[in-house]
Amino acid sequence: YERTYADDIGFAFQNKPILKKKLLCAIRLFHEANYRKALKYISELLRECEFDRDTVVVLLFMALCYTNAGYTEDAIKVYYELLKIEPNNARAHSNLGMLLIDCGDFESALKHYNKSIEIKPDNYFAYINRANYYFRINEYDNAVADAKKSLEIKNNGVEAASLLTVIYALTNDDENKKKYYHIAITSGRHPEELNEAIQFYLNENNIAAQEYL
C-alpha cells in the first residue's frame, strides 16, 4: 500500500515509524472498504499530527473514507479543512468538485475543477472530472474537449473514452462512437457495461425530449 499510494502519502510521519505503520494500516482498511475502522485509525492519527504534511495526508484519507461510505457532507467539510492548510492541493480541489456536483453546487464545482487544472495541468482526473461536469449540464463541446485532453495525458483513460462514446452516441456521430468504443473496451471497460451506459443516456435523452414536447 505504501507503493500504491506513494504520491498521496508523500513524507507523512517520516520520522515516526509507529504512526507511519498506523497510517498504512488505515489505508489498507480503506482499500478493503472497511471505512468505519479506517476512520477510527485516521481520527486517532489526526491528534498525533506534528507537521502540515502529516495532517494533509490524514485529512485526505479521511475525506476519501467519508466519500466512499456515502457521507458526502462530512467529506466536503474535511476537504475544505485540508485546503485551508494546503490551498494548492490539486487532488483535493478535483475531488471536492465531484462532491459539490453531487450536492447540486455546479458553480463551486467548476471553480474547484479549474483550480485543480491550474495547479496541475497534466492531471488526468481533473480533466475527466470537469468533462463529466460539462456533460451533466449538456455542454457537450466542452465535455468532448476535456475528455480528449485527458486522453492526451493518459491514452488508455477508460473513463474519458467511455464518456466520449456516450456523447457521440447521443449526438448520432457513429464514426466517433465506434472509435472511442474501441478505445474504452481495449482499455478495460466491459462491453455490456458500456452498452448499458449508452442505452441509459439515450433513454434519458428521449424522455427529456418528450417532456419538452
Visitor: If you measure from CG on L82 to NE2 on H93, what distance do you get to the nearest 0.5 Å?
Guide: 9.0 Å

Visitor: Charged N to carboxylate O under 4.0 angstrom, E32 versus R28?
Guide: yes

Visitor: Same cluster for I76 and F106 if Ile/Leu/Val/Met/Phe/Trp/Tyr side chains link at under 4.5 Å?
Guide: no

Visitor: Do I137 and L96 sit in one hydrophobic cluster, given that two such residues count as connected whenever their side-chain heavy atoms are within less than 4.5 Å of each other, even indirectly?
Guide: no

Visitor: Among the clusters formed by ILVMFWY side chains lying less than 4.5 Å apart, do Y66 and Y41 turn up in the same one?
Guide: no

Visitor: Any side-chain heavy atom of D174 within less than 4.5 Å of one from K177?
Guide: yes

Visitor: Looking at I183, is its backbone amide N or carbonyl O close enough to the side chain of T186 to form a donor-acceptor pair, meaning the two atoms are under 3.5 Å apart?
Guide: yes

Visitor: Under 4.5 Å between any side-chain heavy atoms of L59 and I85, yes or no?
Guide: yes

Visitor: Can we say E44 and K40 salt-bridge, meaning some charged N sits less than 4.0 Å from an Asp/Glu carboxylate O?
Guide: yes

Visitor: Please report the shortest heavy-atom distance between L100 and Y80, naming the atom on each side.
Guide: CD1-OH, 4.0 Å

Visitor: Between L29 and L39, is any pair of side-chain heavy atoms under 4.5 Å apart?
Guide: no

Visitor: Please examine the side chains of D8 and F61, heavy atoms only from C-beta on, and report whether any two atoms are closer than 4.5 Å.
Guide: yes

Visitor: For N195 and Q199, does a side-chain donor sit closer than 3.5 Å to a side-chain acceptor?
Guide: no

Visitor: Say you draw a straight line from OG1 of T171 to CD1 of I167; how long is it, rounded to the nearest 0.5 Å?
Guide: 7.5 Å

Visitor: Give a yes or no on whether the backbone of F11 and the side-chain of R53 come within a donor-acceptor separation of less than 3.5 Å.
Guide: yes

Visitor: Any side-chain heavy atom of D146 within less than 4.5 Å of one from I128?
Guide: no

Visitor: Examine distances only and state if a side-chain atom of S116 and a backbone atom of Y113 form a donor-acceptor pair shorter than 3.5 Å.
Guide: no

Visitor: We want to know whether R130 and N114 form a side-chain donor-acceptor pair, criterion being a heavy-atom distance below 3.5 angstrom.
Guide: yes

Visitor: If two hydrophobic side chains count as joined below 4.5 Å and joins carry through other members, does V144 share a cluster with Y133?
Guide: no

Visitor: Going through the checks in order, is the side-chain contact (heavy atoms from CB on, under 4.5 Å) test met by L23 and L19?
Guide: CA-CA 6 Å; L23 173 64; L19 295 180; over 6 Å; no

Visitor: Taking the side chain as everything from C-beta on, heavy atoms only, tell me whether Y71 gets closer than 4.5 Å to C65.
Guide: no

Visitor: About how many Å separate CD1 of I9 and CG of L24, when rounded to the nearest 0.5 Å?
Guide: 5.0 Å

Visitor: Do we get K154 above Y124's six-membered ring, with its NZ or CZ under 6.0 Å from the centre and within 45° of the axis?
Guide: yes

Visitor: Would you tell me whether Y79 and N95 have side-chain atoms, one donor and one acceptor, within less than 3.5 Å of each other?
Guide: yes

Visitor: Drop me the distance from I18's CD1 to F13's CZ, to the nearest 0.5 angstrom.
Guide: 12.5 Å

Visitor: Assigning hydrophobic clusters by single linkage (Ile, Leu, Val, Met, Phe, Trp, Tyr; side-chain heavy-atom cutoff under 4.5 Å), is V78 placed with V56?
Guide: yes

Visitor: Output, in order, the C-alpha distance, side-chain angles, deciding distance and verdict of side-chain contact (heavy atoms from CB on, under 4.5 Å) for I185 and H190.
Guide: CA-CA 6 Å; I185 299 305; H190 194 281; over 6 Å; no

Visitor: Indicate the atoms forming the closest heavy-atom contact of L99 with A75, along with that distance.
Guide: CD1-CB, 3.6 Å

Visitor: Nearest 0.5 Å, please: how far is CD in E204 from CZ in F200?
Guide: 4.0 Å

Visitor: Would you call K148 and E152 a salt bridge, using N to O less than 4.0 angstrom?
Guide: no

Visitor: Assess the pair Y140 and F135: is the distance between their ring centroids shorter than 6.0 Å?
Guide: yes

Visitor: If you round to the nearest 0.5 Å, how far is CG of N88 from NZ of K115?
Guide: 5.0 Å

Visitor: How close do A160 and A147 get, counting heavy atoms only, and between which atoms?
Guide: CB-O, 3.6 Å

Visitor: Would a distance-only check, ignoring hydrogens and angles, find a side-chain to backbone donor-acceptor pair under 3.5 Å from S94 to A90?
Guide: no

Visitor: With distance as the sole criterion, is a donor-acceptor pair present between the side chains of D102 and T72 under 3.5 Å?
Guide: no

Visitor: Inspect the surroundings of OH in Y168 and state if more than 12 heavy atoms from other residues, nucleotides or ligands are less than 6.0 Å away.
Guide: yes

Visitor: Identify the heavy atoms of L110 and Y134 that sit nearest to each other, and give their distance.
Guide: CD1-OH, 3.8 Å

Visitor: For the pair Y35 and F30, name the ring-plane relationship: parallel under 30°, tilted 30 to 60°, perpendicular over 60°.
Guide: tilted

Visitor: Compare every heavy atom of R189 with every heavy atom of S162, then report the nearest pair and how far apart it is.
Guide: OG-NH1, 3.0 Å

Visitor: Would you indicate whether the side-chain heavy atoms of I117 and N123 approach each other to under 4.5 Å?
Guide: no

Visitor: How close do I119 and P87 get, heavy atom to heavy atom, and via which atoms?
Guide: CD1-O, 4.2 Å

Visitor: What verdict does the side-chain contact (heavy atoms from CB on, under 4.5 Å) test give for K16 and E50, after you've listed the backbone C-alpha separation in whole Å, the side-chain angles of each residue and the deciding distance to 0.1 Å?
Guide: CA-CA 10 Å; K16 295 187 176 181; E50 183 178 357; 3.2 Å; yes

Visitor: Is a side-chain N or O of D54 found less than 3.5 angstrom from the main chain of F51, in a donor-acceptor match?
Guide: yes

Visitor: Would you indicate whether the side-chain heavy atoms of F125 and E159 approach each other to under 4.5 Å?
Guide: yes

Visitor: Could you tell me whether a side-chain N or O of S187 sits under 3.5 Å from a main-chain N or O of V158, the two making a donor and an acceptor?
Guide: no

Visitor: Dump the intermediate steps for salt bridge (charged side-chain N to carboxylate O under 4.0 Å, His left out) on E48 and K22, then the final yes or no.
Guide: CA-CA 11 Å; E48 301 283 349; K22 192 170 186 176; over 6 Å; no

